[in-house]
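Take a look at the structure set out below.
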Amino acid sequence: MIAAYPGSFDPITNGHLDIIERSAQLYSEVLVLVAVNSTKNPAFSLEERVDMIERAVRGRNLHNVRVESFTVGLLVDYAERSGAQVIIKGLRAVSDFEYEFQMALLNRNLKPSVETIFLATAAEYSWLSSSVVKEIARLGGDIGGMVPLEVLKDVKSRFAGDWATAGAQLVERV
Ligand code: ADP
């Protein structure tokens, strides 16, 4: 059975990777779908996000994982066209649940043949999100352990200028 795992992955975190690895054990194929529209102003382009996930996946020999960008139309239609019968969603906290539950019901209404399956986060990543990673990187904090090693440099260098500027502004104000 093929499972689709959609998200913005801006950038991929170890929380995402944990869900990908666990899904890859449950399903014959996992299709990671990188969505264009969920973040209005992404830090990484669609191509960069796909490339970073591919490198992280390759580093772990996950042979049944494919990464694609998903730019137009409904997720359920894209999933069905790709042969996926299942949509995977990761749940971190009750706050994720309300929105994801609504989306699951909506998607089932649109396409009853595609089921949404929820995987509970690994406890050590329950606080981790792409936004947290970006915020810490922007402020010059240590994001080692938050993102896969293969993409650590990309994320650090994307925000290196930001914290240097933030620091300079602070010095100016002092
Ligand atoms: P975010 O910016 O919040 O990381 P994404 O749209 O990239 O959001 O997330 C894609 C999917 O991965 C969603 O189903 C989300 O709930 C799940 N997810 C994100 N972070 C984690 C985590 N730390 N643990 C488990 N699931 C996660």
Side-chain angles (χ1 to χ4, degrees), residues 1-39 42-71 75-76 78-97 99-101 103-104 107 114-137 141-159:
M1 197 180 274
I2 302 176
Y5 176 42
S8 39
F9 306 102
D10 185 42
I12 182 171
T13 68
N14 283 335
H16 294 135
L17 193 56
D18 173 65
I19 297 285
I20 294 172
E21 285 180 314
R22 284 157 57 202
S23 306
Q25 304 235 318
L26 294 171
Y27 297 96
S28 55
E29 192 174 344
V30 176
L31 188 55
V32 181
L33 294 182
V34 186
V36 71
N37 57 351
S38 34
T39 1
F44 296 91
S45 72
L46 202 55
E47 293 71 26
E48 287 172 322
R49 285 181 269 150
V50 168
D51 175 63
M52 286 194 285
I53 302 170
E54 274 175 346
R55 278 188 278 133
V57 163
R58 227 179 293 134
R60 272 148 201 89
N61 285 322
L62 295 165
H63 298 297
N64 59 339
V65 176
R66 255 190 314 136
V67 189
E68 279 178 17
S69 55
F70 155 64
T71 51
L75 169 66
V76 279
Y78 194 96
E80 194 184 45
R81 272 202 306 279
S82 314
Q85 289 151 282
V86 163
I87 292 174
I88 302 277
K89 291 295 181 94
L91 287 183
R92 280 162 292 197
V94 181
S95 50
D96 277 345
F97 181 78
Y99 175 74
E100 295 296 358
F101 187 59
M103 291 306 291
N107 282 332
V114 177
E115 279 290 354
T116 301
I117 304 282
F118 295 110
L119 290 187
T121 180
E124 67 263 42
Y125 300 133
S126 60
W127 49 272
L128 186 54
S129 69
S130 297
S131 316
V132 163
V133 168
K134 287 182 277 192
E135 195 60 27
I136 302 293
D142 183 10
I143 54 161
M146 296 187 197
V147 296
L149 259 183
E150 294 82 1
V151 309
L152 187 57
K153 241 174 78 186
D154 305 65
V155 182
K156 275 187 180 169
S157 60
R158 176 59 41 98
F159 295 104

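Only heavy atoms go into these numbers, but all of them, side chains included; no hydrogens, no water, no symmetry mates. The chain is numbered in sequence order, starting from 1.
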Looking at A43 and K134, what are the two nearest heavy atoms and their distance? CB-CD, 3.8 Å
Quick one: closest heavy-atom pair of P42 and D10, and the distance? CA-OD2, 3.3 Å
How long is the gap from CG on L46 to CZ on F70, to the nearest 0.5 Å? 11.0 Å
Looking only at heavy atoms, the pair that brings R60 and P148 closest together is NH2-CB, 4.3 Å
Nearest heavy-atom neighbours spanning R92 and L128: NH1-O, 3.3 Å
Identify, with sequence neighbours excluded, every residue that meets salt bridge (Lys or Arg N to Asp or Glu O under 4.0 Å) alongside E54. none
With sequence neighbours left out, what residues match R58 under salt bridge (Lys or Arg N to Asp or Glu O under 4.0 Å)? none
Give the minimum heavy-atom separation between A24 and L62, together with the two atoms involved. CB-CD2, 4.3 Å
Donor-acceptor contacts under 3.5 Å from residues 28-36 side chains, at least two apart:
from	atom 1	to	atom 2	distance (Å)
S28	OG	M1	N	3.0
S28	OG	M1	O	3.1
E29	OE2	R66	NE	2.7
E29	OE2	R66	NH2	2.9

Is there a side-chain contact between I53 and Y5 in this structure, where contact means two heavy atoms from C-beta onward sitting under 4.5 Å apart? no
Side chain to side chain contact (heavy atoms under 4.5 Å, CB included) partners for E48, two or more places apart: F44, S45, R158
Taking only residues two or more places apart in sequence, or in another chain, which ones meet F97 in a ring-ring contact (aromatic ring centres under 6.0 Å, His included)? F101
Indicate the atoms forming the closest heavy-atom contact of E68 with V50, along with that distance. C-CG2, 4.4 Å
Kindly state each residue pair satisfying side chain to side chain donor-acceptor pair (under 3.5 Å) with at least one member in residues 118-132, sequence neighbours excluded. none
Who passes side chain to side chain donor-acceptor pair (under 3.5 Å) against N64, sequence neighbours left out? none
Could you note down all residue pairs passing side chain to side chain donor-acceptor pair (under 3.5 Å) where residues 14-26 supplies at least one of them, sequence neighbours left out? T13-H16, D18-R22
What's the separation between atom CD1 in I117 and atom CG in L26, rounded to the nearest 0.5 Å? 9.0 Å
Hey, are the side chains of D154 and V147 touching, using non-hydrogen atoms and a 4.5 Å cut-off? no
Quick one: side chains of residues 82-91, donor-acceptor pairs under 3.5 Å with protein atoms, not counting sequence neighbours, listed by atom name and distance.
from	atom 1	to	atom 2	distance (Å)
S82	OG	Y78	O	2.7
K89	NZ	E100	OE1	2.8

